[in-house]
Enquirer: 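Sharing a structure below in structure tokens format, with a few things to ask.
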Amino acid sequence: MKARYKLYYWPIPFRGHFIRFMLAQAGQQWAEASFEEVAALKDDDPTLSRYPVLAPPVLEDRVTGVRLAQMPAIVMALGREYSLIRDPDVALRLTCDASDILFEITRTHGAQMWDAPSWQGFVEERLPRWLAVHEAVAKTLDAGAPGAEEIILTALWHTMIDKLPPLRSIAQTHAPGLVALVDHVTATPAIAGVITDWADKKPIYCAGQIEASLLNVLNMES
């Protein structure tokens, strides 16, 4: 049976896992576009493209033919379609938080690379503050019945500390409840299935030169 959805995103977790986790939680099958297909979509002439975008992710509904870009928009659309959102304001806020955090950990999408001083400032000030914010939010959520809100936090924080293991101790120190929540969600069948599917892939987080600088400051270089 042909999967209803097709995800155009690079073969990395980063923004892609937000969408993959939501689709899995909704019980939906999806196909992953090839690297070449994603590159072609990214390089489409916006004036000629049926659905012009600057960059992936893009999710295509192959039943309706509709395409949707931007991770927060896709997450919210899936949440509405499959009744995964308990509080639309909280869900939207968390997707926006996630986008901000991904923006920060990649230093404006790789516009700058990490070095020791800048990384030290991030892990001593900004990262603990974000963790504290989501620790407070996590106390209001339900790991036993994950919906969009729990899935968003899991895609953000579990993916980060799974692919960048030295960050787990920082997360555990500043947000033990958050870590417990996302670990619990990743053990649920739907999300565990996605993680298992990715277990034999190269342990990449966001890829490129910015990932190389992250691995360098975390002393994870190969």
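Remember, predicted model here, so these are calculated numbers, not experimental data.
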Enquirer: I'd like to know if E32 and K6 make a salt bridge, using a cut-off of under 4.0 Å between side-chain N and carboxylate O.
Expert: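 So E32 does not pair with K6 through a salt bridge.
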
Enquirer: If we ignore angles and hydrogens, is there a donor and acceptor under 3.5 Å between the side chains of T186 and D183?
Expert: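 Short answer, no.
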
Enquirer: How close do T159 and A155 get, counting heavy atoms only, and between which atoms?
Expert: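 Of all heavy-atom pairs spanning T159 and A155, the closest is OG1-O, 2.7 Å.
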
Enquirer: Please evaluate residues F103 and T108 with respect to the criterion side-chain contact (heavy atoms from CB on, under 4.5 Å), reporting the C-alpha separation (whole Å), side-chain torsions for both, the decisive distance (0.1 Å), and the verdict.
Expert: CA-CA 5 Å; F103 193 69; T108 322; 3.2 Å; yes

Enquirer: Knowing that exactly one of E104, E135, H174 qualifies, which makes a side chain to side chain donor-acceptor pair (under 3.5 Å) with W130?
Expert: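 Testing each of E104, E135, H174 against W130, the sole residue satisfying side chain to side chain donor-acceptor pair (under 3.5 Å) is E104.
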
Enquirer: Which atoms form the tightest heavy-atom contact between M220 and P166, and what is the distance?
Expert: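 Of all heavy-atom pairs spanning M220 and P166, the closest is SD-CD, 3.3 Å.
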
Enquirer: Treating R62 as the side-chain partner and A3 as the backbone partner, does any N or O pair qualify as donor plus acceptor under 3.5 Å?
Expert: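 Judged by distance alone, yes, a pair lies under 3.5 Å.
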
Enquirer: For atom CD of Q70, is the number of surrounding heavy atoms from other residues, nucleotides or ligands below 6.0 Å larger than 12?
Expert: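 At most 12 heavy atoms, drawn from other residues, nucleotides or ligands, come within 6.0 Å of this atom.
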
Enquirer: Indicate if Y5 and I19 have the same hydrophobic cluster label, given that clusters are the connected sets of ILVMFWY residues with side-chain heavy-atom separations under 4.5 angstrom.
Expert: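 Yes; I19 is reachable from Y5 via cluster members.
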
Enquirer: Looking only at heavy atoms, what is the nearest atom pair of Y51 and L68, with distance?
Expert: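 Where Y51 meets L68 most closely, the heavy atoms are OH-CA, 3.5 Å.
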
Enquirer: Between D45 (side chain) and T47 (backbone), is there a donor-acceptor pair under 3.5 Å?
Expert: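 Answer holds: yes.
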
Enquirer: Between T154 and P146, is there a side-chain heavy-atom distance shorter than 4.5 Å?
Expert: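 SC-SC contact between P146 and T154 ruled out.
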
Enquirer: Do T64 and D61 come close enough that some side-chain heavy atom pair is under 4.5 Å?
Expert: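 SC-SC contact between T64 and D61 confirmed.
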
Enquirer: Does this structure show an ion pair linking D89 with R93, if we count only N-O contacts that are shorter than 4.0 Å?
Expert: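 The answer is no: the pair does not qualify as a salt bridge.
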
Enquirer: May I ask you to decide if R107's main-chain N or O and Q112's side chain share a donor-acceptor pair within less than 3.5 Å?
Expert: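 Side chain of Q112 to backbone of R107, a donor-acceptor pair under 3.5 Å: no, none is there.
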
Enquirer: Measure the CG-CZ distance between L102 and R15 for me, rounded to the nearest 0.5 Å.
Expert: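 Result: 5.5 Å between the selected atoms.
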
Enquirer: For side-chain contact (heavy atoms from CB on, under 4.5 Å), just list the numbers for L218 and L167, CA-CA rounded to whole Å, side-chain angles, deciding distance to a tenth of an Å, and then say yes or no.
Expert: CA-CA 8 Å; L218 287 167; L167 295 183; 4.1 Å; yes

Enquirer: Applying the side chain to side chain donor-acceptor pair (under 3.5 Å) test to Y8, which of K42, E37, R67 qualifies?
Expert: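 Filter result, single survivor: R67.
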
Enquirer: So which of T106, V217, N216 actually passes side-chain contact (heavy atoms from CB on, under 4.5 Å) with W114?
Expert: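 Filter result, single survivor: V217.
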
Enquirer: Check for a donor-acceptor pair, side chain of E150 on one end and backbone N or O of G147 on the other, with a separation under 3.5 Å.
Expert: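 The answer is yes, because a donor-acceptor pair under 3.5 Å joins these two groups.
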
Enquirer: We want to know whether W30 and Q28 form a side-chain donor-acceptor pair, criterion being a heavy-atom distance below 3.5 angstrom.
Expert: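 The answer is no; no qualifying pair exists.
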
Enquirer: Kindly assign one of parallel, tilted or perpendicular to the pair W10 and F35, based on the angle between their ring planes and the thresholds 30° and 60°.
Expert: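 Ring orientation, 0 to 90° scale: tilted.
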
Enquirer: Write down the atom of P13, the atom of R20, and the distance for their closest heavy-atom approach.
Expert: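 Shortest heavy-atom separation between P13 and R20 comes out as O-NH1, 3.7 Å.
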
Enquirer: With rounding to the nearest 0.5 angstrom, report the CZ to CD1 distance, R126 to I101.
Expert: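 Between atom CZ of R126 and atom CD1 of I101 there are 9.0 Å.
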
Enquirer: What closest approach, in Å, do P52 and S49 show between heavy atoms, and which atom pair accounts for it?
Expert: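 Closest approach of P52 to S49: N-OG, 3.6 Å.
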
Enquirer: Drop me the distance from L92's CG to I85's CD1, to the nearest 0.5 angstrom.
Expert: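 CD1 of I85 is found 8.5 Å from CG of L92.
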
Enquirer: Following the transitive rule for hydrophobic clusters with a side-chain heavy-atom cut-off under 4.5 Å over Ile, Leu, Val, Met, Phe, Trp and Tyr, establish whether I151 and V179 coincide in one cluster.
Expert: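 Cluster IDs for I151 and V179 differ.
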
Enquirer: Test side-chain contact (heavy atoms from CB on, under 4.5 Å) on L214 and W119; report intermediate values, then the result.
Expert: CA-CA 8 Å; L214 269 171; W119 180 252; 3.5 Å; yes

Enquirer: Taking the side chain as every heavy atom from C-beta outward, state whether H158 and I195 have any atom pair closer than 4.5 Å.
Expert: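 Yes. Closest side-chain heavy atoms under 4.5 Å.
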
Enquirer: Can you tell me if CG on L48 sees more than 12 non-hydrogen neighbours from other groups inside 6.0 Å?
Expert: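 Yes - once you tally the heavy atoms of other residues, nucleotides and ligands closer than 6.0 Å, there are more than 12.
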
Enquirer: Step through the shown structure and confirm whether more than 12 heavy atoms of other residues, nucleotides or ligands are within 6.0 Å of CD on Q209.
Expert: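 No, CD of Q209 has 12 or fewer neighbouring heavy atoms, counting only those of other groups under 6.0 Å.
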
Enquirer: Transitively linked via ILVMFWY side-chain contacts under 4.5 Å: M76 with L78?
Expert: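 No, no single cluster joins them.
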
Enquirer: Quick check: are there more than 12 heavy atoms from other residues, nucleotides or ligands sitting under 6.0 Å from CD of Q29?
Expert: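 12 or below, so no.
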
Enquirer: Enter the distance from L156:CG to F21:CZ here, rounded to the nearest 0.5 Å.
Expert: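 Taking CG in L156 and CZ in F21, the distance rounds to 11.0 Å.
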
Enquirer: Apply side-chain contact (heavy atoms from CB on, under 4.5 Å) to residues E211 and I204 and explain how you reach the verdict.
Expert: CA-CA 8 Å; E211 173 143 337; I204 291 173; 3.6 Å; yes

Enquirer: CG of D142 to CD of E149: how many Å apart, nearest 0.5 Å?
Expert: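 So the gap between those two atoms works out to 10.5 Å.
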
Enquirer: If I take atom CE from residue M71 and atom CD1 from residue I152, how far apart are they, to the nearest 0.5 angstrom?
Expert: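 Answer rounded to 0.5 Å: 8.0 Å.
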
Enquirer: I105 and I210: which non-hydrogen atoms are nearest, and at how many Å?
Expert: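 Closest approach of I105 to I210: O-CG1, 4.5 Å.
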
Enquirer: Under 4.5 Å between side-chain heavy atoms, counting indirect links through other Ile/Leu/Val/Met/Phe/Trp/Tyr residues: same cluster for L215 and V123 or not?
Expert: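 Shared cluster, yes.
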
